[in-house]
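The structure appears right after this line, and notes come after that.
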Amino acid sequence: MALVEPTAREAGQDFIRDIVRADLASGRHKSVVTRFPPEPNGYLHIGHAKAICLSFGIAEEFGGHCNLRYDDTNPTREAQEYIDAIERDVHWLGFDWSSHLYHASDYFEQLYAWAEDLIRAGKAYVDDQSQEEMRATRGTLTEAGTESPYRGRGVEDNLDLFRRMRAGAFANGARVLRAKIDMGSGNINLRDPVLYRILHTAHPRTGTAWCIYPSYDFAHGQSDAIEGITHSLCTLEFEDHRPLYDWLLDNLPVPSRPRQYEFARLNLTHTVLSKRVLTELVRGGHVAGWDDPRMPTLAGLRRRGVPPAAIRDFVKRAGVAKANSIVDMAMFEFSIREHLNKKAARRMAVLRPLKVVIDNYPHGQSEEIEALNHPDDPAAGTRRLRFSRELYVERDDFKENPPKKFFRLSPGAEVRLRYAYFITCREVKKNEAGEIVELRCTYDPATKGGNAPDGRKVKATLHWVSASDSRTAEIRLYNPLFARPDPNPADFAAELNPNSLDVVADARVEPALAGRNSGAAVQFERQGYFCLDADSTPERLVFNRTVGLRDNWAKIAGT
RNA sequence: UGGGGCGUAGCCAAGUGGUAAGGCAGCGGAUUUUGAUUCCGCCAUGCGGAGGUUCGAAUCCUCCCGCCCCAGCCA
């Protein structure tokens, strides 16, 4: 049997890791340096998680490091709120940049010096055309552009003008610095791209020191080079920018030579991963905020109760490739359940209570019942439940006229109450409106703990809660933000699922659920995984459903 | 007859000339004091299509079809 190198086995298998491996093997690089470069103009979402896991993951696997770098080249869009959120979310996801926190704005002075170098080399010029004129002369997808009348400007003029741009002599939009490449290129990014624009706007970090700011293209590759990035990983839409990325690095005296590689963004069914749309969902009040548990943001997923390890696992399962794809939400839910199943303590909670009275259980009596905290993990211990004459069970667990294959409670049927006794439904009580308000049942004292000495079996085990010894709680059930698997982002408002939030105000939960720490996940048996919401108080418990359990009965019943 | 990418099962995705991995979903079955979990089995004569090269093609060649990205002084 062939030996497999452990690190090689742990490292994912994808074309980018293949490249990294080959670069290390050939000696092109001795170590690996990557970077995650968000622009602080919004919250991170699960799409970013893919990029984070990729860049930080590769650095980890190959013994290098990954920088967190803010791509803060456009002060009109960025804010401190987003910077704080990004750092919190990357850490929460499980990654650490240690001392490698950088900003493109740290390099403004160097970038400016390189721009002057380009001018001196005759490879950049100041263009006086208006934005409209530039657009009109850029050409189209099928036609070449035409050269600017200022393209032939001399080096001294360009230098003088560029310095005056920096000094604040001109208004926004009056002039730009452009690279002199090829107005006839099939790649529009090479048609004399803008390198610097005038923006009389204060920057969160550099304040008013600058009134000209480098474009993404002029900042990104050089920032990579300054930081010694070896593999600069980004999404597919930047493929067209790579020739410009390379052109700048080839024409500037940069200290290292990074390479850019592109992969497909993550898309998920039933949601939208577009910063623009997510921002509008928040600003338009369609959700409660960036951390609304229905949001695909990391902040939303955290509040929802999704473990970061589940996100990492999901991203790994989805893979890294160049084909555009939309991953089924079911795959994400599988990862969430897999992680929660192992760790979550089991509890009982009745979402929609139906009162049950045990007629042959003495008035005023009650007893303690021991219940497992985790059936597959004895180390999780036990807890005590109080069993008494009046209980609550789930409304859905009773049917007066049970359909075929329904083996929960119905008139005359016997079921087990988890960890307690077998009970049999004897009578159904209704109100004037004909609604079922109470079940009268009998219990078999010989079945204490849930087993019948005579060996008789029961086809269902129900969760329950004592009427007197339970607490009411609010439980928030979440459904996909978008009902259709592939919502159109251009018309997202019309695509919103009106039933994405279902608030159950009067659930009853076992007392052990009070006073637990909010971070821990619990499984409400037979229902799903839940966590305490940030809105919860000792007086008013509020739970979020992270994800439901798989439900074969729903399939059989066709609901 | 602009440039750059991508097409392998319902959804992801390996595979790089030697006879289609794996996961999710689905479907059977076993176990089960959660209709959960766990376990077992099934699920592409087929790789966008048509030709060609070869003993042999998802992999190489030719032509065709489809989808995505690019015309910000956004990133």
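- Phosphate proximity of B/A75 to A/T73: present, with a side-chain N or O under 4.0 Å from OP1 or OP2.
- Between the side chain of A/N187 and the base of B/G4 there is no donor-acceptor pair of N/O atoms closer than 3.5 Å.
- Side-chain N/O atoms of A/T140 include none lying less than 4.0 angstrom from OP1 or OP2 on B/G2.
- No donor-acceptor contact under 3.5 angstrom links the side chains of A/T447 and A/R416, judged on distance only.
- Contact annotation: A/R138 reaches the phosphate of B/G72 (side-chain N/O to OP1 or OP2, under 4.0 Å).
- One P atom belongs to B/C60, the other to B/A36, and the distance between them is 45 Å to the nearest Å.
- Separation of the A/H241 and A/Y245 ring centroids does not fall under the 6.0 Å cut-off.
- For A/R197 and B/A75, the shortest distance from a side-chain N or O to OP1 or OP2 is below 4.0 Å.
- Closest to the A/Q131 side chain, of the nucleotides B/C24, B/G2, B/C73, is B/C73.
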Polar atoms only, N or O, under 3.5 Å: list the protein pairs with nucleotides 35-38 of chain B and their distances.
from	atom 1	to	atom 2	distance (Å)
B/G35	OP1	A/R526	NH1	2.9
B/G35	O2'	A/N552	N	3.4
B/G35	O2'	A/W553	N	3.3
B/G35	N7	A/R408	NH1	2.4
B/G35	O6	A/F407	N	3.3
B/G35	N1	A/K405	O	2.9
B/G35	N2	A/K405	O	3.3
B/A36	OP1	A/N552	ND2	2.3
B/U37	O2'	A/N341	ND2	3.0

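- Listed by chain and number, the residues in a side-chain contact (heavy atoms from CB on, under 4.5 Å) with A/S274 are A/V272, A/R276, A/V277 (sequence neighbours excluded).
- Between A/K322 and B/C68, a side-chain N or O to OP1/OP2 separation shorter than 4.0 Å is absent.
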